[in-house]
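Below, all heavy atoms of this structure are taken into account, side chains as well, without hydrogens, waters or symmetry copies. Proteins come first, then strands; the chains are lettered A, B, ... in the order of their sequence lines, and each starts at number 1.
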Number of protein chains: 2
Amino acid sequence: MLQNYKKGLINHKISPTTQRVKILEFLDKNRTHPTAEQVYLGLKDKMISLSKATVYNTLKLFVESGLIHELTVFENETRYEYNTENHIHFKCIKCGNIFDIHEGNKIFAESVINGHKIFDYQINLRGICNSCLNKNGENNA
Amino acid sequence: MLQNYKKGLINHKISPTTQRVKILEFLDKNRTHPTAEQVYLGLKDKMISLSKATVYNTLKLFVESGLIHELTVFENETRYEYNTENHIHFKCIKCGNIFDIHEGNKIFAESVINGHKIFDYQINLRGICNSCLNKNGENNA
DNA sequence: TCTAAAATTAGAATTATTCTAAATCTGTCA
DNA sequence: TGACAGATTTAGAATAATTCTAATTTTAGA
């Protein structure tokens with residue numbers, strides 16, 4: 001199984017060091033759009049010597065190579081995800097969780113608007129998620 | 001003219017202190033989606049004693065009252081704008097400027113997707129703006 | 001005018017991220 | 001093998017953005 005991560009890294013011309021394989025595995029198995037800090041905290045127990053700088057460097061490297069996506073979903077948080085297909089992010093203002101939405105995509109891809117050439121885009125929605133709605137009735141506190 | 005800003009503040013139940021009026025005026029006259037830092041730098045010459053904390057507090061107050069909008073347009077930058085109508089932001093990866101786009105709006109407003117109730121949304125596009133395209137021909141460096 | 005609450009201020013504290021320089025690892029080729 | 005060069009990792013310092021804190025000033029109302 002780890003072999004797959006190694007292959008993925010090599011395909012992207014990234015030499016598959018232990019740290020990089022573990023970080024990629026973490027992102028694959030934790031599809032919760034973690035922050036760099038959360039990746040670090042999730043791995044440091046198993047990798048005593050892991051440094052935060054390595055996590056930051058590695059995530060940046062993965063983003064630049066197109067292996068993962070970097071998101072900025074309201075409130076100025078940098079988060080990462082393994083899923084690089086176009087999709088929309090929805091953030092619940094109660095529980096704070098971020099959900100993926102696979103509808104209404106590819107609206108803007110490779111289009112030209114007002115003479116600006118568009119390469120990529122982010123669509124972020126904000127509101128109350130279905131499970132918070134069910135919990136509290138319909139009070140928008 | 002300043003009277004209008006005062007009225008605007010009072011309408012939003014915000015007491016119109018000197019600092020608040022000046023900050024609102026700055027946002028009205030500088031429609032470049034400035035950061036908090038830029039607001040501070042733009043005003044401190046005329047208001048010697050202005051504190052950064054006041055700028056941050058005031059911007060947050062304005063956002064909470066709905067007087068201005070807070071944006072997060074890629075690269076984790078918090079910016080502010082006076083224009084609170086729904087619109088799309090386009091960021092040029094060459095010059096870094098952020099442009100407003102008034103097309104394709106109101107797609108998601110007040111809708112429900114996957115059972116999540118949507119209150120507001122941000123759509124951020126990224127690419128090369130028309131003036132950068134004209135400058136350099138069409139090299140996507 | 002007096003007073004209480006609100007607002008502002010300067011600077012310290014916090015948080016996220018990047019930088020730096022030293023140490024370690026990896027692959028290659030004599 | 002084993003020694004070198006380059007890549008990678010590391011710990012901790014440095015930086016940048018933002019928030020907190022406690023003191024001071026301003027404001028609005030009785």
Quiz item: When every nucleotide of nucleotides 22-30 of chain D is labelled 5' to 3' by its protein contacts under 4.0 Å (heavy atoms), B for base, S for sugar-phosphate only, - for none, what sequence of letters results?
Solution: ---------

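Side chains of Phe119(B) and Ile128(A) form a contact here, defined as non-hydrogen atoms less than 4.5 Å apart. Looking at Leu71(A) and His89(A), their side chains come closer than 4.5 Å, going by heavy atoms from C-beta outward. Counting heavy atoms from C-beta on, the side chains of Val39(B) and Tyr80(B) never come closer than 4.5 Å. When side chains are defined from C-beta on, Asp120(B) does not count as touching His69(B), because their heavy atoms never get closer than 4.5 Å.
The side chain of Gln19(A) contributes no N or O atom lying less than 4.0 Å from OP1 or OP2 of dC25(C).
Using a 4.0 Å heavy-atom distance criterion, Thr78(A) is classed as a sugar-phosphate-only contact. Across all strands, Glu37(A) comes closer than 4.0 Å to no nucleic acid atom at all (heavy-atom distances).
For the pair Leu9(A) CG and dA7(D) C1', the computed distance is 15 Å after rounding to whole Å. Spacing between atom CZ of Arg79(A) and atom P of dA16(C) amounts to 11 Å, rounded to whole angstrom units. Separating the OH atom of Tyr40(A) from the P atom of dT18(C) is a distance of 16 Å, rounded to the nearest angstrom. Rounded to whole Å, atom P of dA17(D) lies 10 Å from atom CD of Gln38(B).
Without hydrogens or angle criteria, Asn97(B) side chain to Cys92(B) main chain gives no donor-acceptor distance under 3.5 Å.
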What side-chain donor-acceptor pairs closer than 3.5 Å can you find for residues 50-64 of chain A, not counting sequence neighbours?
from     : atom 1 : to       : atom 2 : distance (Å)
Ser51(A) : OG     : Ala53(A) : N      : 3.1
Lys52(A) : NZ     : Glu37(A) : OE1    : 2.7
Asn57(A) : ND2    : Ala53(A) : O      : 3.2
Thr58(A) : OG1    : Thr54(A) : O      : 2.6

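Asn124(B) CG to Ile101(B) CD1: the interatomic distance, rounded to the nearest 0.5 Å, is 10.5 Å.
Within residues 46-69 of chain B, the residues approached by DNA chain D to less than 4.0 Å at the level of any non-hydrogen atom are Ala53(B), Tyr56(B), Lys60(B), in residue-number order.
Between the side chains of Arg20(A) and Ser15(A), at least one donor N or O lies within less than 3.5 Å of an accepting N or O.
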